[in-house]
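Structure record follows, encoded as structure tokens.
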Amino acid sequence: MAGPDFERPSDFIRDIIKEDLKTGKYDGRVHTRFPPEPNGYLHIGHAKSICLNFGIARDFNGLCNLRFDDTNPVKEEVEYVESIKEDVSWLGFDWQERMYYASDYFEKMYEYAVRLIETGKAYVCDLSADEVREYRGTLTEPGRESPYRNRSVEENLGLFARMRAGEFPDGSRTLRAIIDMASGNINMRDPVIYRILHAEHHMTGNKWCIYPMYDFAHCVSDSIERITHSICTLEFEDHRPLYDWFLDRLSVYHPRQIEFARLNLSYTVMSKRKLLQLVEGGYVGGWDDPRMPTISGLRRRGYTPEAIRNFCDRIGVAKRDSVVDMALLEYCIREDLNKRARRVMAVLRPLKVVIINYPEDRTEELDAVNNPEDPGMGTRKVPFSRVLYIEREDFREVPPKQFYRLSPGREVRLRYAYYITCVGVVKDDRTGEIAELRCTYDPATRGGDSPDGRKVKATLHWVSAAHSMEAEARLYDYLLLKADPDDVEEGKDFKSNINPGSLETLTSCRIEPCLADAKPGSGYQFERMGYFCVDPDSTPGKTVFNRTVTLKDTWAKIEKKK
RNA sequence: UGGGGAGUCGUCCAACGGCAGGACGGCAGACUCUGGAUCUGUUUAUAGGGGUUCGAAUCCUCUCUCCCCAGCCA
């Protein structure tokens, strides 16, 4: 895969790896892994981790595994496994034959747990969940040792085997590590290694009724796969001593855990819990709603893998909490689409224009450039006739200062067509709304240039009324009104910041005939309006477009300032 | 008030004892058959106090602020 189109800066993780390579720590190997739990959809924050892990493997000639961290059967489903696989490969990464499940290692993990018991490092505890909590102590007070902590190895072995055999109900017993109930690090206060869960697992079915906890399963999985650098997010920093403790007591291959700051993006939310609230509360249409920061949402919105990868390269990797500006994500997709998207004319809010000096029965085919950034994309023919549509916002009966589009008496250019001058405004008798514009055209300006060299200040996009097709456009705006969605009044939550105008649906758009063959997923630039892509909701009768992102709009900015 | 982390332009990331730099955003201008794109200029930062040093964002020290941890979740 091609790298970014700018020099990728190093980062503290790559620096560590370079150092390890220099000292021969892992015999020159670099092996990472992306370890999602299949309990939800991937989002842009996961993309950061995917790009980091797979990117490091690529940069250092190493390998990156895809591993499903599926140790909690009550939350995990195959549906999520499928969507995660789709999203990772859509992003452009390839785990080759190395797709694993933590559940692949359940037998090995059981053996390792037995070994811990045998070496006096683990015990079966009969305390209930509530009691364990009570015994754990608090952030400032040490915990107390469980009364079951001193059971004999034989008794522990017997009890653990019976846990596996299904002799005990859920929650009645756990296997715990013997570490230090007075540790300032609460993770070290005899953490649970196995719990009893009589639940069907998406991979192992009913084979198991005890399941390992994350801290145990994760380090063991990394060790089994001979991962060199186990990269995770900051909240696991406290867990590193435990990660190291297990592998040290087990005397097995020991990867190095490195933590980095997760991605936060302004004007959106990233936690699975909040995303789920948006879906279940009906605030969005689903996990792949184009307003969602999920990979599937971004894909449907028209984002490309290239743009997302480039974004992940640009945001960098560090250990400090941060919030990346949504404007950077938008910059990345504009940058990508500007180079590749075919230009096309589409009128979102049509205003009828009659060219009164143009023959009624005439149609011309005008040449239009498909992408000025890439001449190789060629040209196309656009039909022109007496009755046209232009964008309603491109006409003002009383033009404000700095508005230099169409108004009575003013001349503008219709892109690739002619100069036209507005000579009349027809209004609806009842509503007073502008129903139609009367214009004249200058036949000498065919193609859009005037032989006498006179200038016009504006160029408008347009479509021929008779030749254009109807389409629907869905215009998206930020899902949340505030850059920090959690900035709310006392007693309220982020949902009070939901943007009621995050979706505007336009059903009477008029599009150029060349869009007749537009396929779902394909992206276009609607000249002057933004980048759009075809939504899967499209039917043969009506194409539905999602606005991926607007173009930078200087006029909109001027108007907003007033 | 326990433990673990982190503080650099508005935002994100660099600088690893030697001129605080880049990107995005903002502002201004040039150019333009997209008020797009492109190009140019510009704005603004080392949390605070002490110390070491010829020289400190970087080393030491004290202080302050922010984040994470009390699931049989990951």
Side-chain angles (χ1 to χ4, degrees), chain A residues 6-7 9-11 15 35-37 39 69-72 74-76 125 127-129 132-133 136-143 170-176 182-189 191-197 210-211 213-215 217-218 232-241 259 261 263 266 272 314-332 334-335 338-339 343 345 368-369 372-373 402-405 413-417 419 447-449 455-461 483 525-530 550-558:
Chain A
F6 66 97
E7 183 80 14
S10 192
D11 55 65
D15 289 345
E37 181 186 11
N39 72 340
D69 213 340
D70 57 348
T71 56
N72 186 354
V74 303
K75 287 189 176 176
E76 295 146 8
C125 180
L127 254 23
S128 71
V132 167
R133 190 176 311 121
R136 186 155 36 226
T138 67
L139 291 179
T140 51
E141 305 159 67
D170 286 4
S172 59
R173 287 184 164 85
T174 55
L175 182 72
R176 298 175 68 183
S183 174
N185 181 347
I186 290 176
N187 295 303
M188 301 301 270
R189 321 240 262 230
V192 172
I193 303 174
Y194 268 89
R195 77 283 215 185
I196 300 171
L197 237 37
I210 56 171
Y211 292 92
M213 297 289 291
Y214 165 85
D215 288 299
H218 204 87
C232 62
T233 43
L234 250 30
E235 68 270 26
F236 292 104
E237 213 152 14
D238 287 354
H239 294 243
R240 184 169 7 108
E259 311 84 14
L263 171 67
S266 60
K272 274 180 191 167
R314 283 174 184 271
I315 56 176
V317 181
K319 291 197 71 152
R320 102 181 62 145
D321 290 309
S322 61
V323 182
V324 174
D325 197 331
M326 182 68 90
L328 182 61
L329 218 211
E330 295 182 335
Y331 170 85
C332 289
R334 285 194 188 104
E335 183 191 43
N338 176 50
K339 288 181 295 196
R343 269 61 167 175
M345 292 195 283
V369 173
E373 303 292 318
Q402 291 184 82
F403 179 89
Y404 45 83
R405 274 110 99 145
R413 171 169 42 232
L414 293 182
R415 181 146 229 227
Y416 301 125
Y419 283 15
D449 286 305
K455 299 282 188 211
V456 285
K457 291 208 73 172
T459 299
L460 310 185
H461 62 280
Q525 184 195 98
F526 287 179
E527 294 221 24
R528 304 208 304 135
M529 302 309 288
T550 59
L551 256 22
K552 277 209 274 183
D553 190 341
T554 309
W555 167 244
K557 203 183 283 180
I558 293 169

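In what follows, every chain begins at residue 1, and chains take the letters A, B, ... in the order their sequences are listed. Because the structure is predicted, anything quoted here is derived from the model rather than measured.
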Inset, instruction - Give one of base, sugar-phosphate or nothing for A/E373, where a contact means two heavy atoms less than 4.0 Å apart. - result: base
Inset, instruction - Just jot down the salt bridge (Lys or Arg N to Asp or Glu O under 4.0 Å) partners of A/E237, sequence neighbours excluded, or say none. - result: A/K319
Inset, instruction - Respond yes when some side-chain nitrogen or oxygen of A/K75 is under 4.0 Å from OP1 or OP2 of B/rA74, and no when none is. - result: no
Inset, instruction - Assign B/rG22 to syn or anti; the rule is syn for a glycosidic angle within 90° of 0 and anti otherwise. - result: anti
Inset, instruction - Using a cut-off of strictly less than 4.0 Å, decide whether A/S322 has a side-chain nitrogen or oxygen near OP1 or OP2 of B/rC13. - result: yes
Inset, instruction - Determine whether any donor atom in the side chain of A/D238 lies under 3.5 Å from an acceptor atom in the base of B/rG3, or the reverse, and answer yes or no. - result: yes
Inset, instruction - Establish, with yes or no, whether the OP1 or OP2 oxygen of B/rC24 is under 4.0 angstrom from a side-chain nitrogen or oxygen of A/Y331. - result: yes
Inset, instruction - Before accepting this row, confirm whether a basic side-chain N of the pair A/E259/A/R240 lies closer than 4.0 Å to the acidic partner's carboxylate O. - result: yes
Inset, instruction - Go ahead and name the base partner of B/rC66; Watson-Crick or wobble counts if both distances stay under 3.5 Å, otherwise write none. - result: B/rG5
Legend entry - salt bridge (Lys or Arg N to Asp or Glu O under 4.0 Å) partners of A/R528, counting only residues at least two apart: A/D394
Inset, instruction - May I ask you to say what A/I558 touches in the nucleic acid, namely base, sugar-phosphate or nothing, with a heavy-atom cut-off under 4.0 Å? - result: base
Inset, instruction - Kindly say if A/R413 contacts the phosphate of B/rU34, meaning a side-chain N or O under 4.0 Å from OP1 or OP2. - result: no
Inset, instruction - Can you tell me the distance, in whole Å, between the NE2 atom of A/H461 and the P atom of B/rA37? - result: 16 Å
Inset, instruction - For B/rG36, take OP1 and OP2 only and decide whether either is under 4.0 Å from a side-chain N or O of A/T554. - result: yes
Inset, instruction - Determine: side-chain N/O of A/R320 to OP1/OP2 of B/rG5, distance under 4.0 Å, yes or no. - result: no
